[in-house]
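To keep things clear, I will list the structure first and then write my remarks on it.
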Amino acid sequence: MNMSTSTAGSKRKRRRGITDRQLKYLFLMPCILLLAFLIMYPLIWSAYLSFTDYRAIQGRFRLFPGLVEEKPGIKQIKPNFVGFQNYKRILRDGYIWEHYRTTGRFVIVSVAAQSLIGLGLALLFNREFRGKGIITTLILAPMMLSPVVVGMFWNYMLEPNWGVIDYLLNAIFKLPKIEWLSNPNTALLGVIIADTWMWSPFMFLFCLAGITAIPKYLYEAAEVNKASGWFRFSHITFPLMWPLMLIAIIFRTMDAFKLFDIGWGMTQGGPGYSSQTISMLLFRDAFMSSKTGISCAFAYIMLIMIVALSNIYIRYLLRARER
Amino acid sequence: MRNKKLFLILAAVLVIIVAGSFSLVFASGKEGKGKKPEGPVTLRILYFQWAPGNAVAKTAAGYEAATGGKIKVETELPGFVEWFAKWLAAAQAQQYVWDIVVIDSQWLGLAVDGGHIIELTDLVGDKPFIQQIPPTMKPYYMGDPTDQGKIWSVPLEADAQLLCYRTDLLGDAAEKRAFKAKYGYDLDVPKTWFQLRDIAEHFTRPNEGLYGYACKWGIPYDVITWDFAEVLWGFGGAFWDRETKQVEGILNSPESVEALKFYKSLTKYAPPGWANFTFNETVQVMSQGIVSMIVEWSSFAPSISDPANSKVYDRVAFDIPPAGPKAHFASLGGQPMTISAYSPYQQEAADFIEWFYQEEQIWTYAENDGHPAYLDVLSSPRFWDILPQNKAMYEVLPYVRDVWNIPPYNELLVPSEELLNAAVTGDMDVETALNRLAGIHQRVLNEFYGM
């Protein structure tokens, strides 16, 4: 009896051909292979290059020469292994730390401005009024644009000779021409203004979602208890929407830390170094100076910093949720 | 057992498919030198979108008929910034994209050192057109960065910085009287940098929307480095000693510091936004009648005398840039033609270059606003009549000088652009900027040349 049951079972198994578990892995495999190739391979390869003095413009470097048939005329080079020299050089270079300070200033001011504007707009839009839908859509429009286009666009608007911003400031407030992007003291501010214009809607969206999710009965209870507007904001609205806003702040901080496109389109980091962030410096070293090895080391330092920064936020977010 | 087998077979098939896809990616562009694709030949040229680029495209269009339809030429003309980025990306990937790449003269060392272009000594060395190349341009346009007398490229566009000035302002009788009363000498085309500064000061009238002088003080590409170079050399300074590879003590010498201070002083007479000026902005402020003088590359200047683009097209003239207190130089620009090391049509490309340098073609190029590095054309009144700057372009030949065309060019250029811009905008003082730049350049050269 037992024998026949087990034979029948194995026949069923055979008929099915493949177990659910195997099928699961089979479906996952292309994705895993693709991710392994597209993410893990460049990560491992760039980590290796960060310990060498490789310069991509000087020739082709194959870890296993002869494995792939090379075209005639290809110059092969073998970079030197330099240990932690690239990392040491970056960490000891005061010039690079100036760019970190610029990046820090940019992150703090732009994320703070975007958070405040986004929160303010969300509070204003947390009520019903005519045309709310269309106005909300218009407010969200800047973040749908390409950052390079936004950079170019603000470049023209802040231009002192024919830009609309200086024209309006002069017409309304009789202010003299401000050379926004050609003055070392105002160039970073110009980039911050453009970035804030583009990304405040993102904060607005998250804040509005957070406010909308707050149960109405809390406000009703506060009203019954004659709570002031400030009390309602500080004890109900802000604490309950804060975790969602914090997620938006994490995204924006990570993104602002990597600022490149808007800033590059507007100032290319100038005048001097006044608006040059670390991403711009990395671009210059990697693609303009072709310092591949040192750029890989620099990119790893940046990656570690962003991961560390994000971890601090995430821990805070988890604590906020527990509360 | 069978299930396991089936699973392993399926997994193996998937691995092969994915690996196969990637190998296809790697194998792309496999048709390299020596493996000529079947069918009619199309030579591909890379240059960028500007008057000489269009002139190359127009001239090259005649090659198909000249070869009886056997060889067609396609000219790719991206924007200026994309041009450099495209070439750099293709060079780093070592892929065949173009047969002839018109590179900027200063990329030559980079291109030779990386093996991205082929040596042309045997292909064109004995051709008659080589004798037509102006001697002062040869070392920079054909130059061998390893100084072994080899030919790596053939000059296409001859370009140098020129002074462009408003004839109606500098020639006005009332302005001449006022200028003489204030400065004690006659208002005329400036022959020295100090005269240029006086004239710039005289014409700086922001209330009238007029400024004295503009040039390329911005960071992008190489603009401020080459712009400052002729002032630096004029004051007796230098970027480096080419023989000894010494930078410290030269780039930050008292002469160099004085030159940068002078160059910075010119910004007082510039229109708003000057700190970001590149080629386009400088041409634009001149064309709009906002400034009395600019120093600009000859090849970027055709639009200033074009009625469709310029308000002052009939009131401008050109001359060689002013002299410094110790020497007289003009920065050399221009672009030579190179043959890609990855091209399967290297002989065909060399034949095209030889055809391009025949008199008929070289005149077609010149008449479409190109400036060929060809003495018989440059010295001809027929050429001078094509564009108002062409005579000055010929006259500037004895004064031209280039900065670097050595392999670590990019590593020298990037900090140079940033620090010179930082000095003129006041983001850093002149001495600090030059000391820092000298230190960076010395380190780059020491590392590259193993000193």
Side-chain angles (χ1 to χ4, degrees), chain A residues 13-14 16-19 22-23 25-26 29-30 33-34 37 41 53 55-60 68-77 95 155 158-161 163 166 177-185 187 266-274 276 281 284-285 287-292, chain B residues 2-4 6-7 10-11 14-15 17-19 22 26-27 29-35 85 88-89 91-92 94 96 110 113-116 118 218-220 271-277 285 290 341-342 407-408 410-411 413-414 417-419 421-428 433 436 440 447:
Chain A
K13 244 183 172 179
R14 268 205 297 275
R16 216 166 54 190
I18 193 164
T19 65
Q22 286 167 342
L23 192 68
Y25 286 126
L26 206 60
M29 201 169 290
L33 282 171
L34 199 73
F37 195 81
Y41 167 70
D53 61 357
R55 284 177 166 85
I57 194 75
Q58 286 182 332
R60 182 166 291 178
V68 181
E69 189 201 340
E70 294 289 5
K71 287 179 270 180
I74 296 285
K75 184 184 170 189
Q76 293 230 25
I77 54 163
Y95 161 77
N155 208 351
L158 294 172
E159 215 288 325
N161 293 305
D166 270 14
K177 279 182 179 174
I178 302 171
E179 296 192 34
W180 293 96
L181 303 179
S182 41
N183 182 335
N185 300 316
M266 292 177 76
T267 64
Q268 292 211 2
Y273 298 118
S274 59
Q276 194 171 81
L281 184 66
R284 286 188 162 230
D285 278 356
F287 300 106
M288 295 173 75
S289 296
S290 301
K291 294 191 273 186
T292 316
Chain B
R2 240 182 94 183
N3 293 345
K4 266 190 180 173
L6 182 68
F7 172 73
L10 280 171
L14 270 173
V15 171
I17 291 170
V18 174
F22 289 126
F26 283 116
K30 200 85 186 169
E31 77 288 4
K33 179 189 151 194
K35 290 182 182 174
L88 206 58
Q92 287 180 347
Q94 298 193 303
Y96 165 54
L110 206 68
D113 185 61
H116 308 300
I118 61 162
I219 283 184
W274 57 267
N276 292 328
F277 275 17
V285 289
I290 295 171
Y342 318 114
N410 271 354
E411 280 182 69
L413 179 71
V414 171
E417 289 294 295
E418 290 167 349
L419 285 161
N421 180 266
V424 295
T425 55
D427 195 29
M428 198 178 283
R436 199 182 216 182
I440 295 171
E447 280 176 8

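All chains are named by letter (A, B, ...) in the order of the sequence lines, taking the proteins before the strands, and each is independently numbered beginning at 1. All figures in this text were calculated on a predicted structure; none of them were measured in a lab. Only heavy atoms go into these numbers, but all of them, side chains included; no hydrogens, no water, no symmetry mates.
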Could you walk me through whether A/Met288 and B/Leu413 pass the side-chain contact (heavy atoms from CB on, under 4.5 Å) check? CA-CA 9 Å; A/Met288 295 173 75; B/Leu413 179 71; over 6 Å; no
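- The minimum heavy-atom distance linking A/Ser274 with B/Asp427 is given by the pair N-OD2, 3.5 Å.
- Distance check, rounded to the nearest 0.5 Å: CD of A/Gln268 to CD of B/Glu417 gives 9.5 Å.
- The two residues A/Ser290 and B/Gln92 make their nearest non-hydrogen contact at OG-NE2, 3.0 Å.
- To the nearest 0.5 Å, atoms CG (A/Leu281) and CD (B/Glu418) are separated by 7.0 Å.
- Contact count against chain A (heavy-atom pairs under 4.5 Å) is highest for B/Asn410 among B/Asn410, B/Leu419, B/Ile290, B/Val285.
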Pair A/Tyr273-B/Asn421, side-chain contact (heavy atoms from CB on, under 4.5 Å): steps then yes or no: CA-CA 9 Å; A/Tyr273 298 118; B/Asn421 180 266; over 6 Å; no
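- The backbone N or O of B/Pro271 sits nowhere less than 3.5 Å from a side-chain atom of A/Asn161 that would complete a donor-acceptor pair.
- Residues B/Thr425 and A/Pro184 form a side-chain contact, since some pair of their non-hydrogen atoms from C-beta on lies under 4.5 Å apart.
- Between A/Leu181 and B/Asn276, the shortest heavy-atom contact is O-ND2, 2.9 Å.
- In terms of heavy-atom proximity, A/Gly272 sits nearest to B/Ile219 at O-CD1, 3.2 Å.
- Here the shortest heavy-atom pairing between B/Pro272 and A/Lys177 reads CG-CD, 4.3 Å.
- Contact tally against chain A (heavy-atom pairs below 4.5 Å) for B/Ala85, B/Ala91, B/Pro220, B/Pro408: the top residue is B/Pro220.
- Annotation for A/Ser182 and B/Gly273: closest pair OG-CA, 3.3 Å, computed over non-hydrogen atoms.
- At most 12 non-hydrogen atoms from other residues, nucleotides or ligands lie less than 6.0 angstrom from CZ of A/Phe287.
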